[in-house]
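Down below is the structure, laid out as structure tokens.
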Amino acid sequence: MPNEISTEQIKRVLCSGCTTHCGLLVKIKDGQIVSIKGDPSDPLTRGHICEKGMAAPKLLYHRERLKYPLKRTGERGEGKWTRISWKQAIDEIAKKIEEIKRKYGPEAIALIHGSSPRYAEYIQRRFMNLLGSPNVFSSASQVCWDNTAIIECITYGWMAYGDIEHTQCIVEWGSNPACSHLPRWRSILKAKKRGAKLIVIDPRLTKTAAKADIWLQIRPGTDCALALGWLNVIINEELYDKDFVKNWTIGFEKLKERVQEYPPEKVSEITHIPAEKIRESARIYATTKPAIISWGVSLDHIGKNASQAIRARAILRAITGNLDVRGGEILCGLHPRIISETEIEENEKLSKEQKEKLLGTKRFKLLSWNLYDQINKYAKKVGYRAAIPSYSLVNAHTPTVWRAIITGEPYPVKAVICQDSNPLLTCANTKLVYRAIKELELFVVHDIFMTPTAMLADYALPAVTWLERSHMDHGVAGNYVKTGEKVIEPMWECRTDFDFLRELGIKLGQEWPWKNLEELYEYRLKPLGYSWKDFVTKIRWDVPPFEYKRYEKRGFATPSGKVEIYSTILEKLGYDPLPKYEEPAKSPISASEKSKNHSLVLITGGRLKCFHHSEGRQIDMLRKIHPEPLVQIHPKTAEKLGIKDGDWVWIETHLGKIKQKTKVDPGVPLNIVHAEHGWWFPEKPGEEPTLYGLWESNINVIIDDNPDKCDPMIGSWQLRAIRCKIYKV
Ligand SMILES: Nc1nc2c(c(=O)[nH]1)N[C@H]1C(S)=C(S)[C@@H](COP(=O)(O)OP(=O)(O)OC[C@H]3O[C@@H](n4cnc5c(=O)[nH]c(N)nc54)[C@H](O)[C@@H]3O)O[C@H]1N2
Ligand SMILES: Nc1nc2c(c(=O)[nH]1)N[C@H]1C(S)=C(S)[C@@H](COP(=O)(O)OP(=O)(O)OC[C@H]3O[C@@H](n4cnc5c(=O)[nH]c(N)nc54)[C@H](O)[C@@H]3O)O[C@H]1N2
Ligand code: SF4
Ligand SMILES: [Mo]
């Protein structure tokens, strides 16, 4: 009988297990996934797959997934729920949003998302723009990409993207692609084989550092000083690209003066890297052509120095003549033809008056819609279709949002929608985040699992995994399009982020012309002349070749049309227009604590290959690889503290203590410890007070997000280079 013949099918998908979005081939038989492997035809990831991708079926069919919309019936966190329909959830949430909007204004409603790009950021932004609230915020934003994107845009008009295939020298600065960006790591190894040099700047001897030609074991938080030291060597030894500097930059002479304050000997004292090694590495970087400096999240994580370190990195790329050349740092712009994410966001629908209410914009002046509008204007002037989407450039300042919820200052924030994020694990200062969430009149969480964050929701809504939805990806620089099919229809009553926001938006009177993600994607692809179905099954990607030296035609997308070594935008806003180093803020440790082990420095969150942040802890296959949270301690430091490998230890700062298990490791420097982030225990009770072990090993419990200690321009909080002490449990 025909319906008994087993059917086998290959679906071509994009993995969202991390932000790399590898192309994968999924075989299904009789509606069940039977195998999953890398797709060799993906032009960017070329067949790569990791254990998180392999574990996708375990994620999809996991028995503990959120399956139906739940409404809280007991106290927040008590774990008492009742199952409701999506219709009831949407009706009630919309009613509450209307009520809050009437009472306090639309800005009292905020939306938090997480690491990007996942797939819904521009859809979330559209929802909020149409709602009239500027307050989109994130557990990532100011500590992941935003500062890099903003600083690079004001310096040379776009975010640089390393042309790794053709480069001769790769600097991995505060990054560990062997764990965090696996296809990039493969390209690096290939480049090394053809003779490219690898310089790694990391306090830890990582897998990436182990393969370096030069490894600079930097003191945490001092990257800006090192970059200024490199600039000192490169300028004083005249190793820079004189033609480029003369024709295409402003402010070089002022920079030359500034970097005299950073001779290698002084920088050596600050960074703990020998002066000769600083000279040697600067010379290699400047004279090996072409060269790239990869993005590493560490520069976004060093608090007060974040923006200036990123500025110095941008200036290094420019004065060495590596911008927009083959094998260098490409300023590619958005995909030249498809309807961009920026256009779907409809940023012009948010009024000027509402834009000015963005939380944090008064203090952290680079977080501003006004600046975004300027960046957009310059981008269009030089022929880009639009600026980088606003979700990468303008988000509310996360620590300021939590404080506004608690204090009502500068105005009340009463509702938060949380989609794609687990802020109790991934935002700093968990106790404060917890207090803020408890204050809310409405807290909605849309997630795949019941997380500690979802446990505090009024409505916990079930989200689909990436196997249950179609996908379009653009990479962070936005120039290409890759697509992936839906493998199976959503399980239970799980919904895509798009479906939830669209339906809620329509209920609130918003306009959403596309009925589902596929219609939206089809609309966006229209200029290429394909239907969604044809594109995703037959074409799949459009990766335009890089266009080099675009600036020769129209200049750079900055106020002066040149690379702004001396930033006119920073000058106008009252910030130092040239990079300058400041010692990282230290957490205040009391005198009695100081007498013990006050000299330890904590770095957090080096990526684990098997987990994406706080995800995956409930997936056996992944948890077996890495069952417990580990803190790396140098053997001599451990000995001094009387700690052995495998001991559980308290890690303590002025905010409290949490415990992790000791991994004695000579790969971290003396007196510097590295703790993992994102740890909770789905196997423990979910209701209060445990919240799945939220308070036990979650490093963000003890990390401060005090705005006074954040980067003054963008507000990045400090996740690395923090004073702490450690002792046995
Ligand atoms: N101490 C410390 N803290 C850090 C960092 C650090 O290095 N150290 N790193 C920071 C950085 S760079 C980042 S990017 C952030 C990451 O912060 P988050 O993005 O908050 O981290 P995740 O753990 O990935 O949380 C994502 C949540 O979304 C859910 N989810 C996954 N896919 C979907 C989907 O398609 N739809 C919906 N609705 N939900 C989905 C997951 O189940 C998970 O609960 O953490 C930051 N926090
Ligand atoms: N498997 C996996 N892959 C991921 C993620 C994940 O959670 N899991 N997350 C994704 C996301 S959102 C991000 S942001 C990226 C981040 O990916 P990467 O940029 O590679 O960042 P990390 O691995 O967090 O940190 C890189 C290195 O910085 C070092 N470091 C710590 N402090 C300092 C410092 O002060 N200066 C310098 N120079 N180095 C320092 C650490 O020792 C660490 O080895 O990874 C992405 N890829
Ligand atoms: S989780 Fe693994 S397979 Fe999936 S996108 Fe990331 S690196 Fe690729
Ligand atoms: Mo990130």
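We count ligands from 1, going down the list as the structure has it; atoms in each ligand are counted the same way. Along the sequence shown, residues are numbered consecutively beginning with 1.
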[X]: numbered ligand 2 atoms lying under 4.0 Å from its heavy atoms:
{"X": "K609", "result": "1 (N)"}
{"X": "W295", "result": "14 (S)"}
{"X": "T206", "result": "44 (O)"}
{"X": "G296", "result": "19 (O)"}
{"X": "L608", "result": "1 (N), 2 (C), 8 (N)"}
{"X": "C179", "result": "1 (N), 2 (C), 3 (N)"}
{"X": "G221", "result": "34 (C), 35 (O)"}

Please tabulate protein-ligand N/O pairs under 3.5 Å for ligand 1, atom names and distances to 0.1 Å.
unit_1	atom_1	unit_2	atom_2	d
ligand 1	1 (N)	T604	OG1	3.1
ligand 1	1 (N)	N700	OD1	2.9
ligand 1	3 (N)	N700	ND2	3.2
ligand 1	7 (O)	R607	NH1	3.0
ligand 1	7 (O)	R720	NH2	3.1
ligand 1	8 (N)	T604	OG1	3.1
ligand 1	9 (N)	R607	NH2	3.3
ligand 1	17 (O)	S139	OG	3.1
ligand 1	17 (O)	T426	OG1	3.3
ligand 1	19 (O)	S115	N	2.8
ligand 1	20 (O)	S139	OG	2.9
ligand 1	20 (O)	S421	OG	2.9
ligand 1	20 (O)	N422	N	3.0
ligand 1	20 (O)	T426	OG1	2.8
ligand 1	23 (O)	S614	N	2.7
ligand 1	23 (O)	S614	OG	2.5
ligand 1	24 (O)	R118	NH2	3.4
ligand 1	24 (O)	H612	ND1	3.3
ligand 1	24 (O)	E615	OE2	2.6
ligand 1	28 (O)	S421	N	3.4
ligand 1	32 (N)	R118	NH1	3.2
ligand 1	36 (N)	D420	OD1	2.7
ligand 1	36 (N)	D497	OD1	3.0
ligand 1	36 (N)	D497	OD2	3.4
ligand 1	38 (N)	D420	OD1	3.3
ligand 1	38 (N)	H446	O	2.8
ligand 1	38 (N)	D497	OD1	3.1
ligand 1	39 (N)	D420	OD1	3.1
ligand 1	42 (O)	D447	OD1	2.7
ligand 1	44 (O)	D447	OD1	3.4
ligand 1	44 (O)	D447	OD2	2.7
ligand 1	47 (N)	T426	O	2.8

Quick one: do [X] and [Y] make a salt bridge, cutoff under 4.0 Å?
{"X": "E683", "Y": "R623", "result": "yes"}
{"X": "K58", "Y": "E64", "result": "no"}
{"X": "E152", "Y": "R313", "result": "yes"}
{"X": "K609", "Y": "E51", "result": "yes"}
{"X": "E503", "Y": "R495", "result": "yes"}

Task: Note, V673 side chain near Q632 side chain (heavy atom, < 4.5 Å) - done: no
- [ ] Step by step, work out the side-chain contact (heavy atoms from CB on, under 4.5 Å) result for Q419 and Q124.
- [x] CA-CA 9 Å; Q419 199 176 45; Q124 293 161 341; 2.9 Å; yes
Task: Under 3.5 Å side-chain donor-acceptor pair for D704 and H654 - done: yes
Open item on the list: Can you see whether N147 engages R311 through a side-chain donor-acceptor pair at a distance of less than 3.5 angstrom?
Closed with: no
Does an N or O anywhere in [X] fall below 3.5 Å from an N or O of ligand 2?
{"X": "I302", "result": "no"}
{"X": "I218", "result": "no"}
{"X": "D223", "result": "yes"}
{"X": "H674", "result": "no"}
{"X": "R204", "result": "yes"}

Open item on the list: Counting the benzene-type ring for Trp, do F137 and W402 have ring centres under 6.0 Å apart?
Closed with: yes
Open item on the list: Could you check whether W295 and W145 have their ring centres less than 6.0 Å apart?
Closed with: yes
Task: Heavy-atom gap K52 to ligand 2 smaller than 4.0 Å - done: yes
Open item on the list: Donor-acceptor check, side chain of S421 to backbone of C418, threshold 3.5 angstrom: yes or no?
Closed with: no
